Protein chains: 2
Amino acid sequence: MVLYQFPHNLKHYRQKHQFTQQQLADLLKVSRSVVAKWENGHVLPDLLTALKLSNIFQITLDTLIGVAPETTFVLSDYQAHYQETINNLDESSLHQLIDFIIKNKHLQTQLDLYRTLPVKQQKTIDRFLQVAMDELKKY
Amino acid sequence: MVLYQFPHNLKHYRQKHQFTQQQLADLLKVSRSVVAKWENGHVLPDLLTALKLSNIFQITLDTLIGVAPETTFVLSDYQAHYQETINNLDESSLHQLIDFIIKNKHLQTQLDLYRTLPVKQQKTIDRFLQVAMDELKKY
DNA sequence: ATTCTCTGTTCTTTTTAAGAACATTATATA
DNA sequence: TATATAATGTTCTTAAAAAGAACAGAGAAT
């Protein structure tokens with residue numbers, strides 16, 4: 001079990017509150033570099049600091065570290081339309097995926113582009129991606 | 001800010017589930033003595049271990065560490081999140097994106113993998129994708 | 001009274017995150 | 001576009017804090 005979502009969430013909420021890393025660090029009385037490390041998944045804050053973060057952002061700790069099913073509402077709309085499809089899927093995985101995308105603007109942009117490519121070109125990308133990820137998985 | 005409640009809560013939920021310290025320690029794959037230390041407030045578990053505890057007891061992390069009048073807070077989470085995501089984004093773009101993903105299993109699998117990569121590796125992929133897409137856009 | 005189980009504490013080691021300094025990237029302004 | 005400035009990312013070292021093992025004590029059962 002690893003907190004994959006936490007780095008994204010932290011960055012997301014920090015930016016939502018228009019803080020720079022420095023400003024957030026000051027609020028917590030920690031160094032800025034450690035904030036950067038949290039956001040890049042190199043290190044996890046301790047329980048107390050995590051709690052302070054959730055207070056600053058006015059969210060639950062569970063939400064901050066990304067275990068709360070936030071996208072339930074968004075998804076339920078789609079469930080109406082795509083009932084058969086969604087039931088076949090691992091639903092929670094899809095939830096997490098959407099959540100992830102919502103918080104990752106850059107990826108959103110990429111996917112939006114990808115989406116509008118001709119299918120043939122999409123497949124080209126797919127093949128590339130596959131290779132790249134397989135490579136990375138080795139480590 | 002100190003987590004006064006946590007030790008009590010931990011002990012309470014452990015006993016409620018009829019675990020000895022040893023049994024709980026085994027579930028978490030830690031030593032028993034550290035469980036004792038948690039319960040006596042000498043030491044705090046790290047974020048990940050705390051999360052595991054909340055899973056074992058089937059409660060939120062906020063409840064476990066004793067900061068949550070759960071229901072109120074959690075609810076406002078949804079509200080906050082709902083507003084921010086839906087209002088801030090280009091809504092239709094997001095919907096189309098989700099739509100697209102739901103229909104594209106292969107992409108889902110890829111993204112699920114991507115999501116669980118370390119941020120650094122994600123960025124490698126990002127750069128890669130960027131180049132590939134830019135190339136394709138020329139045609 | 002004795003054994004067994006459960007829990008608490010101490011001491012040492014190991015793990016892990018924190019901070020400072022440096023490097024890079026992004027943004028603004030001329 | 002070039003340059004300056006701000007913001008972010010990374011590395012290396014140090015410091016902190018928790019983990020584990022071993023020992024100690026308390027309570028229950030026989």
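Every value quoted in this text rests on a predicted model; they were computed, and no experiment measured them. We name chains A, B, ... by the order of the sequence lines, and we start the count at 1 in each one.
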Taking [atom1] from [X] and [atom2] from [N], how many angstroms apart are they, rounded to a whole number?
{"X": "B:Asp46", "N": "C:dT14", "atom1": "CG", "atom2": "P", "answer": "19 Å"}
{"X": "A:Lys37", "N": "C:dA20", "atom1": "NZ", "atom2": "C1'", "answer": "10 Å"}
{"X": "A:Leu48", "N": "C:dA17", "atom1": "CG", "atom2": "C1'", "answer": "14 Å"}
{"X": "A:Leu47", "N": "C:dA17", "atom1": "CG", "atom2": "P", "answer": "13 Å"}
{"X": "B:Gln21", "N": "D:dA26", "atom1": "CD", "atom2": "C1'", "answer": "13 Å"}
{"X": "B:Asn40", "N": "D:dA19", "atom1": "CG", "atom2": "P", "answer": "14 Å"}
{"X": "B:Leu44", "N": "D:dA19", "atom1": "CG", "atom2": "P", "answer": "9 Å"}
{"X": "A:His42", "N": "D:dT13", "atom1": "NE2", "atom2": "P", "answer": "18 Å"}

Does a side-chain N or O from [X] land closer than 4.0 Å to OP1 or OP2 of [N], or not?
{"X": "A:Gln22", "N": "D:dT8", "value": "no"}
{"X": "A:Arg14", "N": "D:dT8", "value": "yes"}
{"X": "A:Trp38", "N": "C:dA17", "value": "no"}

Measuring from atom [atom1] of [X] to atom [atom2] of [Y], what distance do you get when rounded to the nearest 0.5 angstrom?
{"X": "A:His17", "Y": "A:Leu24", "atom1": "NE2", "atom2": "CG", "value": "10.0 Å"}
{"X": "A:Phe19", "Y": "A:Tyr13", "atom1": "CZ", "atom2": "OH", "value": "14.0 Å"}
{"X": "B:Thr63", "Y": "A:Asp62", "atom1": "OG1", "atom2": "CG", "value": "7.5 Å"}

Among the candidates D:dA19, D:dA22, D:dT10, find the nucleotide nearest to the side-chain atoms of B:Val34. D:dA19

From C-beta outward on B:Ser33, which listed nucleotide comes closest to its side chain: D:dA22, D:dG9, C:dG19? D:dA22

The side-chain contact (heavy atoms from CB on, under 4.5 Å) partner of A:Leu53 among A:Leu28, A:Leu61, A:Leu27, A:Val35 is A:Leu28

Classify B:Val35 by what it touches in the nucleic acid, base, sugar-phosphate, or nothing, heavy-atom distance under 4.0 Å. nothing

Which part of the nucleic acid, if any, lies within contact of A:Thr20, taking any heavy atom under 4.0 Å across all strands shown: a base, the sugar-phosphate backbone alone, or nothing? sugar-phosphate

DNA chain D: 5'-proximal contact among A:Lys11 and B:Pro45 (nearest heavy atom): A:Lys11

Please say which of A:Gln21, A:His8, A:His12 ends up in a side chain to side chain donor-acceptor pair (under 3.5 Å) with A:Glu39. A:Gln21

